[in-house]
Amino acid sequence: MSVLDLRTVNPLVKVLGPIPVMIYVVTTRDVLTPALVGLLAFALLALLGHQRPRVLAAVALGTVALVAVMTVSFGLLTDPATVDDTTPLARVGPLEVWSGALATGLATAVRTAALLLLVLLGGLTTSGADLVRAMTQQLRLPYRVGYAALAALRFVPRFSHELEVVRGAHRVRGVTAGRGPVGAVQRQAGYVVPLLAGGIRHAERFSLAMEARGFGAHPTRTERVVVPFGARDLVLLAVLWAGAAACVLLAASV
């Protein structure tokens, strides 16, 4: 068991803490700096995030695939006139691959991958409810705004469940719209009205329940779950910023 568990760290540290690092990564033009920052973010996620090996493998493979696709795309689509001072590597039909285009694509791809890993550092270890609680408790976000947004987000899994229910009901009743693209469109259109009716009923029940509990009647409210901001959060923030600074210095010295 690691000393620091990202899942128990204040969400603001994981969501807002990497922003200065992300801003700096966007301004870089080399490959080594964002690559080191991305490796640091992945190492923190792997060592402290307590993610399943399958999730870590998907993140690693997805990042490598993203870098490869973006590098090749830039290599094929970059105007040769902008990199004609570099070395031509290959020709694919009417397209020419230049070393300068691949270098530009690689730098852009690595920056994008580093930003993605910094986002996943908080995205994979933070729940929406904890983020809203932290914003209302530490950032003084009006709870009417925070919990209204949280309620809207919770509509998504409910719609997914209701879609499965509607599909099952159609299968039981033998409702069919034929095959092929036209049939697929007709089937999807047949789900719209039941989903819309269910969403309206759920929104009405939800609003009545919130009104019955006095939601919005007072400028502040008590919290059943407190999200603290303590020494662990400062430690993670210091580790992230110090690690990013070390990556910058290492890249500058190479």
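In what follows, every heavy atom counts, from backbone to side chain, and hydrogens, waters and symmetry copies are set aside. Position 1 is the first residue of the sequence, and the numbers go up from there. Fair warning: this is a prediction, and the values are worked out from it, not measured in the lab.
- Taking Ile, Leu, Val, Met, Phe, Trp and Tyr as members and joining any whose side-chain heavy atoms lie under 4.5 Å apart, directly or through other members, the hydrophobic cluster of Val31 also contains Val67, Leu106, Val110.
- Take Arg144 and apply the salt bridge (Lys or Arg N to Asp or Glu O under 4.0 Å) test, not counting sequence neighbours, and it matches no residue.
- Two residues are said to be in side-chain contact when any heavy atoms from C-beta on lie closer than 4.5 Å; Val119 and Met22 meet this criterion.
- Atoms CG and OG1, from Leu36 and Thr28 in turn, are 11.0 Å apart once rounded to the nearest 0.5 Å.
- By the side-chain hydrogen bond (donor to acceptor under 3.5 Å, both in side chains) test, Asp130 pairs with Ser127, Arg133, sequence neighbours left out.
- Evaluation of the side-chain hydrogen bond (donor to acceptor under 3.5 Å, both in side chains) test over residues 52-74, restricted to residues two or more places apart or in two chains, returns none.
- Remark: Leu40 CG to Leu240 CG distance equals 6.5 Å, nearest 0.5 Å.
- The list of salt bridge (charged side-chain N to carboxylate O under 4.0 Å, His left out) pairs with a residue in residues 9-33, not counting sequence neighbours, is empty.
- With sequence neighbours left out, Met210 forms a side chain to side chain contact (heavy atoms under 4.5 Å, CB included) with Phe206, Phe215.
- Two residues are said to be in side-chain contact when any heavy atoms from C-beta on lie closer than 4.5 Å; Thr125 and Asp5 fail this criterion.
- Residues passing the salt bridge (Lys or Arg N to Asp or Glu O under 4.0 Å) test with Arg111: none are found, sequence neighbours excluded.
- Residues forming a side chain to side chain contact (heavy atoms under 4.5 Å, CB included) with Leu131 (at least two apart in sequence, or on another chain): Pro11, Leu12, Val15, Thr126, Met135.
- Counting heavy atoms from C-beta outward, Leu44 and Val239 have side chains that approach closer than 4.5 Å.
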Donor-acceptor pairs are to be reported for all side-chain atoms of residues 241-254 against protein atoms at under 3.5 Å, with residues two or more places apart or in another chain.
unit_1	atom_1	unit_2	atom_2	d
Trp241	NE1	Gly17	O	2.9
Ser253	OG	Leu249	O	3.3
Ser253	OG	Leu250	O	2.9

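- Listed by first and then second residue, the side-chain hydrogen bond (donor to acceptor under 3.5 Å, both in side chains) pairs involving residues 192-212 are Arg158-His202 (not counting sequence neighbours).
- The nearest pair of heavy atoms linking Gln137 to Val227 is OE1-N, 2.9 Å.
- Leu121 places a side-chain heavy atom less than 4.5 Å from the side chain of Leu6.
- For the atom pair CD (Gln138) and CG (Leu16), the distance works out to 10.5 Å, reported to the nearest 0.5 Å.
- With hydrophobic clusters built from ILVMFWY side chains whose heavy atoms lie under 4.5 angstrom apart, Leu56 shares a cluster with Leu47.
- Residues forming a ring pair (Phe, Tyr, Trp, His ring centres under 6.0 Å) with Tyr147 (at least two apart in sequence, or on another chain): none.
- One distance of note links CG of Leu115 with CG of Leu120; it measures 11.0 Å at 0.5 Å rounding.
- To the nearest 0.5 Å, the span separating CZ on Phe42 from CG on Leu118 amounts to 13.5 Å.
- Transitive grouping of hydrophobic side chains (ILVMFWY, heavy atoms separated by less than 4.5 Å) keeps Leu116 and Leu39 in distinct clusters.
- The stretch residues 16-38 participates, sequence neighbours left out, in no ring pair (Phe, Tyr, Trp, His ring centres under 6.0 Å) pair at all.
- The distance from the CG atom of Asn10 to the CZ atom of Phe229 is 6.0 Å, given to the nearest 0.5 Å.
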